[in-house]
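Computed from a prediction, not measured in an experiment: that's the story for all the values here.
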Amino acid sequence: MNGSQERRRRFRMTIASFIQSRRDEKLKGKDNDVDAITAKYDYATWLADAARRVGQIQAVTHVLKATHPDARGSSVHAAPATLTQHREIGTHSLGEDYADDIVGNAAALDVYKFLKLEIDGRRLLDCLLDDDPDLRAALSDDETLAQEWASAFKGLIRPATRYSSHGLAKQLYWCVTGEPSKDEDFHLLQPLFSSALAHAVHADISDARFGEANVQARQAMRSKEASASDYHDYRGLVARKLGGTKPQNISQLNSERGGVNYLLASLPPRWDQDLPRQFLGIQSALDRFRRYEGVSSLVTALCHFLAANPAPTMETRIERERIEQALGASLAAFGLTVQGSFVPGWTRDENCRLSHCQKLWLDPGRAKLPPRPEYKEEDEAFEHDFTWQDWPDEVAMQFGNWLNDILEKRGLPVGTVEYTHWVKQAIVEVTEWPAPMQRRPIAAREEEGTHV
C-alpha cells in the first residue's frame, strides 16, 4: 500500500471510529429502534446528514450573542493574521494560535466535533480547506459526492452574505468629524466580543489558578520555600457568566468555559490612606522621592551629563537646565501626590520620623485640624510654623543636600556652589508651594552651612 492509500485509510478509520462512537452513545440503554438508529449512523448516511446540517452552524472569532443572548445579527470570523496589528493587546495578538468558536444550532455541534478530528496534528477542517485529495477520497468513492460534501463542510467558515447588527448588540458608533453622512467618520466604541481572545485569556488564567506547576509554586511561596517554577497570579478578577444555565446558547467555546469569562482588574493604584506605612519610620521623604515617577532616571541622566564634563556652551546649559527643571517639577508633583493621598493629620502618628519641615510640606491639612487636648502645644506650634512659611526654604535646602550627596557618591566634585544652585532651582521650579515665592535670600542660609 502506497503512502497516499495508507493516508486515505487512516482518514476513513478516524471518521468511522467517530461515527461509531456517536452511534454507541445513542444506543446506550435503548431496547427499541435499534435498527433505525444503527441505520442513521451508517458511514455514508451520517456524512450526508452532517453535510446538510453544517449550514446550521458557523465558525467565528467574534460572537454577537455574548453581548446579549437575544441579539439577532452577524457574528464574524476574523483570523488574527488578517487584523490590523495594533500595539495594544487584542485578537490580532493571538497569531496562528487561536481557537475557532461555533455559533448556531446547538444540535449540530456534533458536526463541529467531527471536523475537529485530527490526523497528523491537523484538523479535518484544515485538510478540507487545503483541498486534501486523500481526505476527499476517504469521504466517498463517488468523486462528485465527495466534492459536494467537502464543499459543504468548508462552509463552516464563511462570511455573512449580508452583515447586520441589532439594538441589543450595543454597537455604539461615535462621529469624530461632525460629518454624520460619511461612514468612515465614525469610530466604533463597542466592538464585537472576541471569543477567541476570551478563550486564550481564560486558558492562561485557569493555568495560573489551577495548573499543577503554579499551584506548587504558590504553595512554595506561602511556605517561604524555594521553587523551580515562576509563580503567576491574577488578582482582583471578576468572572462574568454568559448564557446563564445554558452557556451553549451563546457559543461552543463559551460552553466549554462553563459560561465563565474573566474580567481583569482595571483600577488605578491606590495609596493606603489610613496607614501611610511607606512614610513612617524614615528620617526623610526624599528617600521615597527617589522612587517617584521618572526621578531615578532624571538623577541618572544628570550624573551621566556632569560626568561627561561637556563644553560650557549654550546647548550644554539648556540640557542641564532641562534636567534640573524636570527634577524640580517632580518634587512639586511628589508633594502634591502625597498631600492628596493621605488623611490630614497622618504625621501625628508616633512612628512618623520625618523632619519638621517635611511634615509641614506633606501634611498641610494638619494645620487646619483642631488641636488635641493632650498635644495642644505641639499642634498649635505646627499651625504657627505652617503659617510662618519658613518650611519651603528648609525643604529646598534638604533637597539640595540630598542631590549633592547622590552626586558625591558617584564621584562627582560638588560643593557649596552646586548646593546653592540646586536649592535655588527647587524654589524656582516648585511652583506649587502653598505660599508666595518670595523667600529669604539663599545666601543668608549659606552662612548657616550647606548641610541642614
Asker: Closest approach of Ile406 and Arg290, non-hydrogen atoms and distance?
Answerer: CD1-NH1, 3.4 Å
Asker: With no hydrogens and no angle check, do the side chains of Gln252 and Glu256 hold a donor and an acceptor under 3.5 Å apart?
Answerer: yes
Asker: Which heavy atom in Ala220 sits nearest to a heavy atom in Ala226, and how many Å separate them?
Answerer: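 Heavy atoms only, the tightest pair is CB-O, 4.0 Å.
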Asker: Taking side chain as C-beta onward, heavy atoms only, is Thr177 less than 4.5 Å from Lys182?
Answerer: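 Side-chain contact under 4.5 Å: no.
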Asker: Is there a salt bridge (Lys or Arg N to Asp or Glu O under 4.0 Å) between Asp363 and Arg348 once you walk through the steps?
Answerer: CA-CA 9 Å; Asp363 190 13; Arg348 287 177 172 179; over 6 Å; no
Asker: Mark yes or no for whether Ser223, through its side chain, and Gln219, through its backbone, hold a donor-acceptor pair below 3.5 Å.
Answerer: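 Indeed, once roles are kept as given, a pair shorter than 3.5 Å links the two residues.
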Asker: Quiz question: by atom type and distance under 3.5 Å, do the side chains of Thr316 and Thr313 form a donor-acceptor pair?
Answerer: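 A donor-acceptor contact under 3.5 Å links the two side chains.
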Asker: Please examine the side chains of Gln358 and Ser284, heavy atoms only from C-beta on, and report whether any two atoms are closer than 4.5 Å.
Answerer: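 The answer is yes; the side chains approach within 4.5 Å.
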Asker: Please walk me through it: do Thr347 and Leu362 pass side-chain contact (heavy atoms from CB on, under 4.5 Å)?
Answerer: CA-CA 8 Å; Thr347 55; Leu362 300 177; 5.6 Å; no
Asker: Ignoring hydrogens and geometry beyond distance, is a side-chain donor-acceptor pair present between His199 and Asp101 at under 3.5 Å?
Answerer: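 Note: His199 and Asp101 side chains miss the donor-acceptor criterion.
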Asker: Hey, what's the ring geometry for Phe289 with Phe399, parallel, tilted or perpendicular (30° and 60° as the breaks)?
Answerer: perpendicular
Asker: Using the salt bridge (charged side-chain N to carboxylate O under 4.0 Å, His left out) rule, pick out the option among Arg123, Arg8, Arg7, Lys154 that qualifies with Asp132.
Answerer: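 Exactly one option meets the salt bridge (charged side-chain N to carboxylate O under 4.0 Å, His left out) with Asp132, and it is Arg7.
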Asker: Could you check if a side-chain atom of Leu125 sits within less than 4.5 angstrom of a side-chain atom of Ile157, using non-hydrogen atoms only?
Answerer: yes
Asker: So how far is it from Ile318 CD1 to Arg322 CZ, rounded to the nearest 0.5 Å?
Answerer: 11.5 Å
Asker: To the closest 0.5 Å, what do you measure between CZ (Phe18) and CH2 (Trp46)?
Answerer: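 Separation between the atoms: 4.5 Å.
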Asker: If you apply the rule side-chain contact (heavy atoms from CB on, under 4.5 Å), what do you find for Arg257 with Ser195, and how did you get there?
Answerer: CA-CA 11 Å; Arg257 297 191 293 267; Ser195 187; 3.5 Å; yes
Asker: Just how far is it from atom NZ of Lys359 to atom CG of Asp349, taken to the nearest 0.5 Å?
Answerer: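 It is 9.5 Å, given to the nearest 0.5 Å.
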Asker: Hey, are the side chains of Leu47 and Ile15 touching, using non-hydrogen atoms and a 4.5 Å cut-off?
Answerer: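 Yes, close enough: below the 4.5 Å cut-off.
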Asker: Got a second to check how far Ile119's CD1 is from Cys127's SG, nearest 0.5 Å?
Answerer: 8.0 Å
Asker: From Leu192 CG over to Thr61 OG1, what is the distance, rounded to the nearest 0.5 angstrom?
Answerer: 8.5 Å
Asker: Is it the case that Arg12 places NZ or CZ above or below the six-membered ring of Tyr43, under 6.0 angstrom from the centre and within 45 degrees of the axis?
Answerer: yes
Asker: Tell me if a side-chain donor or acceptor on His166 pairs with a main-chain N or O of Leu168 at a distance below 3.5 Å.
Answerer: yes
Asker: For Phe153 and Phe114, I'd like to know if the aromatic rings sit close, meaning centre-to-centre distance below 6.0 Å.
Answerer: yes
Asker: Which pair of heavy atoms, one from Ala71 and one from Ala169, lies closest together, and at what distance?
Answerer: CB-N, 4.2 Å
Asker: Do any N or O atoms from the side chain of Ser17 and from the backbone of Thr14 form a donor-acceptor pair under 3.5 angstrom?
Answerer: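 Pair absent, no side-chain N/O of Ser17 close to backbone of Thr14.
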Asker: Among Leu64, Asn249, Ile250, find the one that has a side-chain contact (heavy atoms from CB on, under 4.5 Å) with Pro69.
Answerer: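 Single side-chain contact (heavy atoms from CB on, under 4.5 Å) partner of Pro69 among Leu64, Asn249, Ile250: Ile250.
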Asker: Does His86 offer a backbone N or O that forms a donor-acceptor pair with the side chain of His92 under 3.5 Å?
Answerer: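 Yes, the answer is positive, given that a donor and an acceptor are paired below the 3.5 Å cut-off.
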Asker: So which atom in Gln248 and which in Ala106 form the shortest heavy-atom distance, rounded to 0.1 Å?
Answerer: CG-CB, 4.3 Å
Asker: Take a 6.0 Å sphere around CD of Glu96 and say whether it holds more than 12 heavy atoms from other residues, nucleotides or ligands.
Answerer: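 Count not over threshold, so no.
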Asker: Spell out, as yes or no, whether a donor-acceptor pair under 3.5 Å connects the side chain of Gln85 to the backbone of Leu83.
Answerer: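 Yes, the answer is positive, given that a donor and an acceptor are paired below the 3.5 Å cut-off.
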Asker: Looking only at atom types and distance, does a side-chain atom of Arg136 sit under 3.5 Å from a main-chain N or O of Asp131, one as donor and one as acceptor?
Answerer: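 Yes, the answer is positive, given that a donor and an acceptor are paired below the 3.5 Å cut-off.
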Asker: Look at the side chain of Asp379 and the backbone N and O of Arg372, then say whether any donor-acceptor pair between them is shorter than 3.5 Å.
Answerer: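 Yes, because the side chain of Asp379 sits within donor-acceptor range (under 3.5 Å) of the backbone of Arg372.
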Asker: Between Pro80 and Leu94, what is the shortest heavy-atom contact and its length?
Answerer: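 For Pro80 and Leu94, the tightest heavy-atom pair comes out as CG-CB, 4.0 Å.
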Asker: Apply side-chain contact (heavy atoms from CB on, under 4.5 Å) to residues Glu383 and Arg366 and explain how you reach the verdict.
Answerer: CA-CA 8 Å; Glu383 180 183 4; Arg366 174 179 169 182; over 6 Å; no
Asker: Using a 6.0 Å cut-off, check whether atom CG of Leu188 has over 12 heavy atoms from anything other than its own residue.
Answerer: yes
Asker: Does the side chain of Ile102 reach to within under 4.5 Å of the side chain of Leu115, using non-hydrogen atoms?
Answerer: no
Asker: Can Tyr234 and Asp204 be counted as having a side-chain donor-acceptor contact under 3.5 angstrom?
Answerer: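 Yes, a side-chain donor-acceptor pair sits under 3.5 Å.
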Asker: Looking at Ser251 and Val103, would you say the former's side chain and the latter's main chain have a donor-acceptor pair under 3.5 Å?
Answerer: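 Checking the backbone N and O of Val103 against the side chain of Ser251, no donor-acceptor pair under 3.5 Å is found.
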Asker: Report yes or no: do Asn261 and Asn254 form a side-chain donor-acceptor pair below 3.5 Å?
Answerer: yes
Asker: Give a yes or no on whether a salt bridge exists between Arg10 and Asp134, defined as a side-chain N under 4.0 angstrom from a carboxylate O.
Answerer: no
Asker: Locate the shortest heavy-atom distance separating Gly155 from Arg158; write the atom from each residue and the value.
Answerer: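 Smallest heavy-atom distance, with atoms named: O-NH1, 2.7 Å.
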Asker: Do Asp110 and Arg53 sit within salt-bridge range, that is, some charged N less than 4.0 Å from a carboxylate O?
Answerer: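 Looking at Asp110 and Arg53, the cut-off is met.
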Asker: Side chains of Val295 and Val299, heavy atoms from C-beta outward: is any pair under 4.5 Å?
Answerer: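 They are in contact (side-chain heavy atoms under 4.5 Å apart), so the answer is yes.
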Asker: Any side-chain to backbone donor/acceptor pair from Arg72 onto Asp70? Under 3.5 Å, distance only.
Answerer: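 Pair found, side chain donor or acceptor close to backbone of Asp70.
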Asker: Using the side-chain contact (heavy atoms from CB on, under 4.5 Å) rule, take Leu156 and Gln58 through it: C-alpha gap first, then chi angles, then the decisive distance, then the call.
Answerer: CA-CA 5 Å; Leu156 180 70; Gln58 179 187 3; 5.7 Å; no
Asker: Can you tell me how far OG of Ser355 sits from CG of Leu360, rounded to the nearest 0.5 angstrom?
Answerer: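 It comes to 9.0 Å.
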Asker: Are the side chains of Arg22 and Ile19 in touch, meaning some heavy atoms are under 4.5 Å apart?
Answerer: no
Asker: Within the structure provided, determine whether Asp233 and Arg218 are in side-chain contact (heavy-atom separation under 4.5 Å).
Answerer: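 Asp233 does not reach Arg218 side chain to side chain.
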Asker: Under 30°, 30 to 60°, or over 60°: which ring-plane class applies to Tyr262 and His202, parallel, tilted or perpendicular?
Answerer: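 Aromatic pair Tyr262/His202 classed parallel.
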